[in-house]
Amino acid sequence: MVAVIKTGHSIHRILNYNENKVKQGVAECIGAGNYPVDPDKMSFTMKLNCFLKQMELNEKTKRNSVHISLNFDVSEHHLSKQKLLEIADSYLDKIGFGEQPYLVYQHHDAGHPHIHLVTTNIEADGKRIDLHHLGIRKSEPARKALEKEFGLVQAESQKKDENYKLKPVAVGKAKYGKSQTKMAIQNILENVINPYKYTSLPELNAVLNQYNVKAERGTENSKVYQTGGLLYRVLDTDGNPVGVPIKASLFYNKPTLKFLEQKFKENVTKRTPFKRRIKNAVDKELLSKKISIPELIKALEKQGIYVVLRQNTNGILYGITYVDHQTKCVFNGSALGKAYSAKAIQERCWSEGVSGQDLLRHPDPKQTIGLQPQTTAAAETKEADKEVQSATIPTGKENVLEVLTQAENTSDYLPNQLKKKRKKKKKRNLNNNQ
């Protein structure tokens, strides 16, 4: 069993998310705890008011909503509603929420069985249940105990099952602009927006593009851009937007531009300790001999580091971004240092007899990493002229393409092994010469 805990400021939003699933026919409310009546006899307003009434007892606490999903192995589809309710009751009791009002929803929109728990951390006497490190302190011990108590598949013994891996949106099966598309994008966003550490919209897109999703602000003349809005779109296998874009505000976790800009600032510090891993990985591959860029990309992928290359219409490489899926950090090459910028990597790698297009070609076409070439040279020139001074924290009025086409630091780089050692001059003993 895998437990995922999310806390927030709006119980209305969390409840509405689950109730909308019910309306779509992909979920059902199977139980409630510490409510005066059964869930099938309650309206949406009755469910919500029970939470709001208890939250009024402590208005100082802003993060007062808790949303938990309990995910089971694909082989455990046999679990009955009664058994799922027993697991939910026991789990909440073990993490200190047994006396809280809560609702249990069973969702049917994924390949593995799972339930969602909606509750609050404000107790009946107005006190607040501490949420700090709730997952480590209480959820993990509870999960392990429940696996033994109910004979569930243990999380530690599970291999990295494909059902728990983030998958690209299957655009061929999605009905653009409908609930299926929104649901698919929502799943990607939940697994990328908060876990990954990025400092700009292009860096975020370096991750999202790998799953056929893109965040964009629209053109400068569009209403979305001028009002600071943000859209999310599905991409086809060639990286081109398809279907109807969906506003950020329509998603459950509200991944708006304003929200992301705050994440950009926070992530500048959070990702810093993880620079060394990428730098060491690159240096190790290029230490003993020169290899081609495709070979470097393939070697880094084996270590969980994906490389996104940017080129102009002539096939000339001018930008590079590293996405480390192990530490969940994203860096432009220049942010790691000039030795890891696009220009330096080309100098450090072997490229003799290789054309610009071949230089950028991914070694395995089935594992495309989100290369998005510009459509016209004119567009590239236009965006290059608008290049912002800060490459890490974009402003609210910045066009997404300005950073996408931003050139890396192209300062000359010379490997240490090629630098000439300075000869030390011997100091003469003047006393001996006198």
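These numbers come from the heavy atoms of this one structure, side chains and all, not from hydrogens, waters or symmetry mates.
No side-chain N or O of Asn64 forms a donor-acceptor pair with one of Thr61 less than 3.5 Å apart. For the 3.5 Å distance criterion, the side chains of His107 and Glu28 fail to qualify, holding no donor opposite an acceptor. For the residue pair Asn332 / Ser334, no side-chain donor-acceptor distance below 3.5 Å is found, with atom types taken as modelled.
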Derivation and outcome, side chain to side chain donor-acceptor pair (under 3.5 Å), residues Arg310 and Thr321: CA-CA 8 Å; Arg310 298 193 297 278; Thr321 301; 2.9 Å; yes
Test side chain to side chain contact (heavy atoms under 4.5 Å, CB included) applied to Ile11 and Val66, step by step: CA-CA 8 Å; Ile11 192 69; Val66 182; over 6 Å; no
Criterion side chain to side chain contact (heavy atoms under 4.5 Å, CB included) on His12 and Phe51, from CA distance to verdict: CA-CA 9 Å; His12 185 281; Phe51 288 124; over 6 Å; no
Stepwise salt bridge (Lys or Arg N to Asp or Glu O under 4.0 Å) test for Lys23 and Glu19: CA-CA 6 Å; Lys23 291 179 181 179; Glu19 286 294 318; over 6 Å; no
Chi angles and distances behind the side chain to side chain contact (heavy atoms under 4.5 Å, CB included) call for Gln326, Gln303: CA-CA 8 Å; Gln326 179 172 311; Gln303 303 177 56; over 6 Å; no
Derivation of the side chain to side chain contact (heavy atoms under 4.5 Å, CB included) call for Ile305 and Val323: CA-CA 6 Å; Ile305 301 173; Val323 179; over 6 Å; no
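Minimum heavy-atom separation, Phe259 to Pro255: CD2-CA, 4.1 Å. Shown here for Arg137 and Pro141, the closest heavy-atom pair between the two residues is O-CG, 3.5 Å. Scanning both residues, Ile291 and Glu295, for their nearest heavy atoms gives CB-OE1, 3.3 Å. Taking every heavy atom of both residues into account, Val330 and Arg271 meet most closely at O-NH1, 2.6 Å. Considering all non-hydrogen atoms of both residues, Val22 and Cys29 come closest at CG2-N, 4.2 Å. Annotation for Tyr318 and Gln311: closest pair CE2-C, 3.2 Å, computed over non-hydrogen atoms.
Remark: the backbone N or O of Asn16 is paired with a side-chain donor or acceptor of Asn20 at under 3.5 angstrom. In this structure, the side chain of Thr272 engages the main chain of Val268 through a donor-acceptor pair within 3.5 Å. Side chain of Asn267 to backbone of Tyr198: a donor-acceptor contact under 3.5 angstrom is found. For the pair Asp236 (side chain) and Asn240 (backbone), a donor-acceptor distance under 3.5 Å is present. Side-chain atoms of Gln100 come within 3.5 Å of backbone atoms of Ile122 as a donor-acceptor pair (strictly under, hydrogens ignored). A donor-acceptor contact shorter than 3.5 Å links the side chain of Arg233 to the backbone of Gly243. With hydrogens and angles disregarded, a donor-acceptor distance shorter than 3.5 Å links the side chain of Asn121 to the backbone of Ile129. At distances below 3.5 Å, at least one donor-acceptor pair connects side-chain atoms of Arg63 with backbone N or O atoms of Thr7. A donor-acceptor contact shorter than 3.5 Å is absent between the side chain of Ser222 and the backbone of Gly218. For Thr227 (side chain) and Val224 (main-chain N/O), a donor-acceptor pair under 3.5 Å exists by modelled atom type.
When ring centroids are compared, His67 and Tyr105 stay outside the 6.0 Å threshold. Phe72 has its ring centre no less than 6.0 Å from the ring centre of His114.
Using the six-membered ring where Trp is involved, Tyr17 and His116 have ring planes that are tilted, between 30° and 60° apart.
The existence of a salt bridge linking Arg143 and Glu140 is confirmed by a sub-4.0 Å separation between a basic side-chain nitrogen and an acidic carboxylate oxygen.
You'll find the side chain of Glu76 reaches within 4.5 Å of the side chain of Val153, heavy atoms only. Residues Lys275 and Leu336 have side chains in contact (heavy-atom distance under 4.5 Å, counting atoms from C-beta outward). At least one side-chain heavy atom of Ile193 sits less than 4.5 Å from a side-chain heavy atom of Leu204. Contact check for Met1 versus Phe150: no side-chain heavy atoms found under the 4.5 Å cut-off. The side-chain heavy atoms of Arg13 and Ser65, taken from C-beta on, include no pair separated by under 4.5 Å. Proximity of Asn194 to Lys263: side-chain heavy atoms (C-beta onward) are separated by under 4.5 Å at one or more points. Between Thr120 and Met55, some side-chain heavy-atom pair lies under the 4.5 Å cut-off. Side-chain atoms of Leu260 and Leu201, non-hydrogen and from C-beta on, do get closer than 4.5 Å to each other.
Gln210 contributes atom CD, which lies 12.0 Å from atom CG of Leu235 (distance to the nearest 0.5 angstrom). Rounded to the nearest 0.5 Å, atoms NZ (Lys138) and NE2 (His133) are 13.5 Å apart. Between the CG atom in Leu189 and the NZ atom in Lys254 there is a gap of 13.0 Å [rounded to 0.5 Å]. One distance of note links CD1 of Ile316 with CD of Gln346; it measures 8.5 Å at 0.5 Å rounding. One finds the OH atom of Tyr232 at 11.5 Å from the CG atom of Leu250 (value rounded to the nearest 0.5 Å). The CD1 atom of Ile278 sits 7.0 Å away from atom SG of Cys329, with the distance rounded to the nearest 0.5 Å.
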Can you give the donor-acceptor pairs under 3.5 Å from side chains of residues 83-95 to other protein atoms, not counting sequence neighbours?
{"from": "Asp89", "atom 1": "OD1", "to": "Tyr102", "atom 2": "OH", "distance (Å)": "2.3"}
{"from": "Tyr91", "atom 1": "OH", "to": "Ser139", "atom 2": "OG", "distance (Å)": "2.8"}

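Both tests hold for Lys197 against Phe274: distance to the six-membered ring centre under 6.0 Å, angle to the ring axis within 45°. Tyr340 carries Arg348 over the face of its six-membered ring, with the cationic atom under 6.0 Å from the centre and within 45° of the normal.
Around NZ of Lys284, the count of heavy atoms belonging to other residues, nucleotides or ligands within 6.0 Å does not exceed 12.
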